[in-house]
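Here's a structure for you.
All figures in this text were calculated on a predicted structure; none of them were measured in a lab.
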Amino acid sequence: LGRVPVAVRLRATWFSGKMRPMEYRVAQLEALGRFLDEKKQDILEATAADMGRVRGGLGTGGPHAEFTEILLCKNELHETLNNLSRWMKDKHVDKNLVTQLDSAFIRKDPYGVVLIIAPWNYPIYIILVPLIGAIAAGNCVIVKPSEMTKNSERLVAEALPSYLDNDCFAVVTAGVQETTRLLENKFDYIFFTGSPSVGRIVMAAAAKHLTPVTLELGGKNPCYVSDTCDVQNVARRVAWGRFYNAGQTCIAPEYVLCSVEMREKLLPALHKAITDFYGPKPQESPDFGRMVGDKHFQRVQTLLRSGRAVIGGQTDEKDRYIAPTVLVDVQPSDPIMQEEIFGPVLPIVTVANVDEAIDFINSRERPLVVYAFSSDDKVVNQVLERTSSGGFCGNDTLMHVTLTSLPFGGIGNSGMGMQHGKFTFDTFTHHRGCLHRGMGREALIALRYPPYSQQKLGLVRAAAGRVGPWWLVVAPRSRLWGERG
Amino acid sequence: MERMQQVVGRARAAFNSGRCRSLEFRMQQLKALERMVQEKEKEILAAIKADLHKCGHNAYSHEILGVLGELALAMDKLPSWAAPQPVKKNLLTMRDEAYICPEPLGVVLIIGAWNYPFVLVMQPLVGAIAAGNAVVVKPSEISENTARLVADLLPQYLDRELYPVVTGGVPETTALLTQRFDHILYTGNSTVGKIVMAAAAKHLTPVTLELGGKSPCYIDTDCDLAVACRRITWGKYMNCGQTCIAPDYILCDPSIQSKVVENIKVTLQEFYGEDVKSSPDYERIINKHHFKRILGLLEGQKIAHGGESDEASCFIAPTILTDVSAESKVMEEEIFGPVLPIVTVKSVDEAIEFINRREKPLALYVFSNNKKLIKRVISETSSGGFTGNDVIMHFFLSTLPFGGVGNSGMGAYHGKHSFETFSHRRACLIKDLKMEGTNKLRYPPGSQKKVDWAKFFLLKRFNKTRIGLIALALLGIVAAVVIKVSSGSLLSV
């Protein structure tokens, strides 16, 4: 499998400009829509086989796979197709006095040949969202699906190229070593989703070619639960977010911060929620997933040693099954509080009050998302205002990613850049400042030419002083012509 | 190394204290900065003159005016830039609050360059302060007078812990880069740009790199040559060619090459007189190293005009080279000096192909009366920015993002773009803790019915007429009721 020839072929297409017209991009995006429709069963089966989502009574893989791998992708596709012509248009900008009679606009240029490296936890969704944006923005795209989810990897490698134009699109399958070699090539943009440690490696490789990057990483997403709240609703929403996909979600609540009193109320409520969701034997529920691989199973199993399991705690190595588990008496220094769990285990750490919770959150790396639950708006706002994170969701978990008008991305250790909706399009677009002037009015321009007499400088200062210097730099049309802002 | 740790540590502690979050505080600092520029104008102009032999007019227009403009803009717009921005919601989030909250990144590092030593630290600084960050400022040591002045002045006007200035050369910058920042904005060359990004990668620090390259300037046969050449002459030889967006080289048809040379010569005479060396408006090369580098580029070239130099004063006369070969040394690296090569091409197609074979430049210029031709060049090439029928000017319009692409850099700033570069756009969704009904459709146990409802809520698109919205709301209530009823019946199975 020639990796270099793939990049070479795509770059040759790039120079042809084939993928730039809107009609071409729309055709590719519509083809992706057909992929999602025609290959739906294959997608659900592949992800079920990879993530251990057992065949359920009402369709393979269970409804959750359909929600993330199909529905959320379609959501992005619709949003993109409905808005593409508007997103692609030159954006005309307000002009200053000097450029009033010129044409000034931001041109949306594609970058060129871009690389998308995808993780294993939502194998189709996390490839498709950036892919949609990259194609919409007019780039040629190389996709590298995760080697951990073999069925999805095969599906992507075999099926996607039959829907998309192979002059502009390629799938590269690669393990760690080959990915390292792949990264030695020059790309015009790299979009990586995965762990912070690999994120560093990707950015270091990108630095060699001055390739801009978006890194969607992870961390430990804190979940503060205040004393004033509807405990059962909180428990349901937190349990749903934590145990979705057996905890293998970058935005899952990783740990709960609450008072001792709240913990006592939360535990039975969590127990009820888990039982309502997965029944008395979660291992038999078609809706509860498995650890993606043996190494991950063992990693999470080891983390169970922290604290004390009051709900769940059972494991089954052959099945790579870890029960939905809630741990108490967890110390901040315990191993489970040092790394992203990425499994169906929810530690509860007790704090005296919201201030202590905020201090706790701020003493750690900035996460991908901060969650806060309270019926008191003020408490939710306090947590929002006094912490920093990629995103924030009050009184629920995970839901902020279903809104394509919100940017999805990290900060600090949880990443850089953003995606979803128009933000993906913008990520894969070079926003090029363009000024198109006329050749006339040379007399007006003469002020800028040497020789510089005291008089000329005086005129420049006077002009600046009279209208205020910022009018020389920018004067919105509305102000100049008295229109409404 | 320890000193750097202390400086950055103090800035981080100051940031964590929260005092630079309030808009009042930021405005106060911006106002102080404005006072500094106004009160110390003489000193600033003198420092720039000492570093680059730049006359008052140029220094004022290029370095002071722009900063004052950015300051005034930031102070005027800050409340609207910093305000949370509500976003369009979908059916699932109809009753919720959804908005984007711009937040400071933390402690940012600004590394300046020597060619416009004041504006290249000040302009990013304005944006970084406006966005609520702590800022470590590292002016270029090569423009030593301006560096020293900035180090003296900033602590006199701004919060000393939040906005420290670090001076020094390569060892100090290297030590600084081992510290952890939340954003680094670097202006300089691609080689060091790679080093900065590699250092940033260790801490997962996002970067804005304002680099350079060879900005091509295509002159069409259909254009007013006198006007075109005057504008090009201004942009090329300002600051003695030491401008990242100077037109680096010309591409034109061989039939107009000699006319181009003639027009530039005439303009040079108008601008700088007979004896360029004695014109107070002509700058000097920054130092001996660059002086020698630029002279080296002249070897083996056909000098149509200029070529004179004087090492003692680092003077190089405005120079034009003709019939330059694409493979020669002067066409390899960014010239960053008063040497203008002309490379002949037979057509705009050849020009476009020539440009696309090379690294993406920071700026691209085209002169033509033919609007369609200009549009075509824009569409078939890539560059950081573009100006048609002039040079440099896109830099001065702050509503245009200023930055590079590919080898010429990544990220952008100026005006609101600076604020956005130094901000984190945090997605915020605040839901109601009640209204659990609609949530039930997403909870396990799963069912096809639930999937179908999810499809409906997520994917159905309605016209935004008033009737449509009311229908939507009613539908939402109906759905919630239906699900409550149906989930009740499911549980009883």
Quiz item: Do the side-chain N and O atoms of B/S382 and A/R432 include a donor-acceptor pair separated by under 3.5 angstrom?
Solution: no
Exercise. Compare every heavy atom of B/H424 with every heavy atom of A/G390, then report the nearest pair and how far apart it is.
Key: O-NE2, 2.9 Å
Practice problem: Using non-hydrogen atoms and a 4.5 Å limit, figure out which bit of B/M197 sits close to chain A: side chain, backbone, both or neither. | Solution: both
Quiz item: Is it the backbone or the side chain of A/R366 that comes under 4.5 Å from a heavy atom of chain B, or both, or neither?
Solution: side chain
Practice problem: Could you verify whether a donor N or O on one side chain and an acceptor N or O on the other, from B/S379 and A/R107, lie under 3.5 Å apart? | Solution: yes
Quiz prompt | Nearest non-hydrogen partners of A/M203 and B/T205, listed with the distance | solution = CE-O, 3.0 Å
Quiz item: Contact part of B/A412 toward chain A, heavy-atom cut-off under 4.5 Å: side chain, backbone, both or neither?
Solution: neither
Self-check item: Side chains of A/L384 and B/R426 in contact at under 4.5 Å (non-hydrogen atoms)
Solution: yes
Quiz item: How about A/R437 and B/T387: does a side-chain donor come under 3.5 Å of a side-chain acceptor?
Solution: no
Quiz item: Among A/D396, A/V370, A/I70, which has the most heavy-atom pairs under 4.5 Å with chain B?
Solution: A/D396
Self-check item: Closest non-hydrogen atom pair between A/L403 and B/K89, with its separation
Solution: CD1-CA, 3.7 Å
Quiz prompt | Side chains of B/R442 and A/T402, donor plus acceptor under 3.5 Å | solution = no
Practice problem: For B/L204 and A/L217, run side-chain contact (heavy atoms from CB on, under 4.5 Å): C-alpha distance rounded to whole Å, both residues' side-chain angles, the deciding distance at 0.1 Å, then the answer. | Solution: CA-CA 10 Å; B/L204 289 171; A/L217 309 177; 3.6 Å; yes
Quiz item: Which atoms form the tightest heavy-atom contact between A/M439 and B/D224, and what is the distance?
Solution: CE-N, 3.5 Å
Self-check item: Under 4.5 Å from a heavy atom of chain A, the part of B/N16 involved
Solution: neither
Quiz item: What are the two closest non-hydrogen atoms of A/D276 and B/P445, and how far apart are they?
Solution: O-CD, 3.4 Å
Quiz item: Can you name the closest pair of heavy atoms from B/I100 and A/S405 and give their distance?
Solution: CD1-O, 4.1 Å
Exercise. Please flag which part of B/L209 lies under 4.5 Å from any non-hydrogen atom of chain A: side chain, backbone, both or neither.
Key: side chain
Quiz prompt | chain A contact via B/R21 - which portion, at a heavy-atom distance below 4.5 Å | solution = side chain
Quiz item: Checking heavy atoms, do the side chain of B/C223, its backbone, both or neither come under 4.5 Å from chain A?
Solution: both
Exercise. On the 0 to 90° scale, with breaks at 30° and 60°, tag the B/W234-A/Y449 ring pair as parallel, tilted or perpendicular.
Key: perpendicular
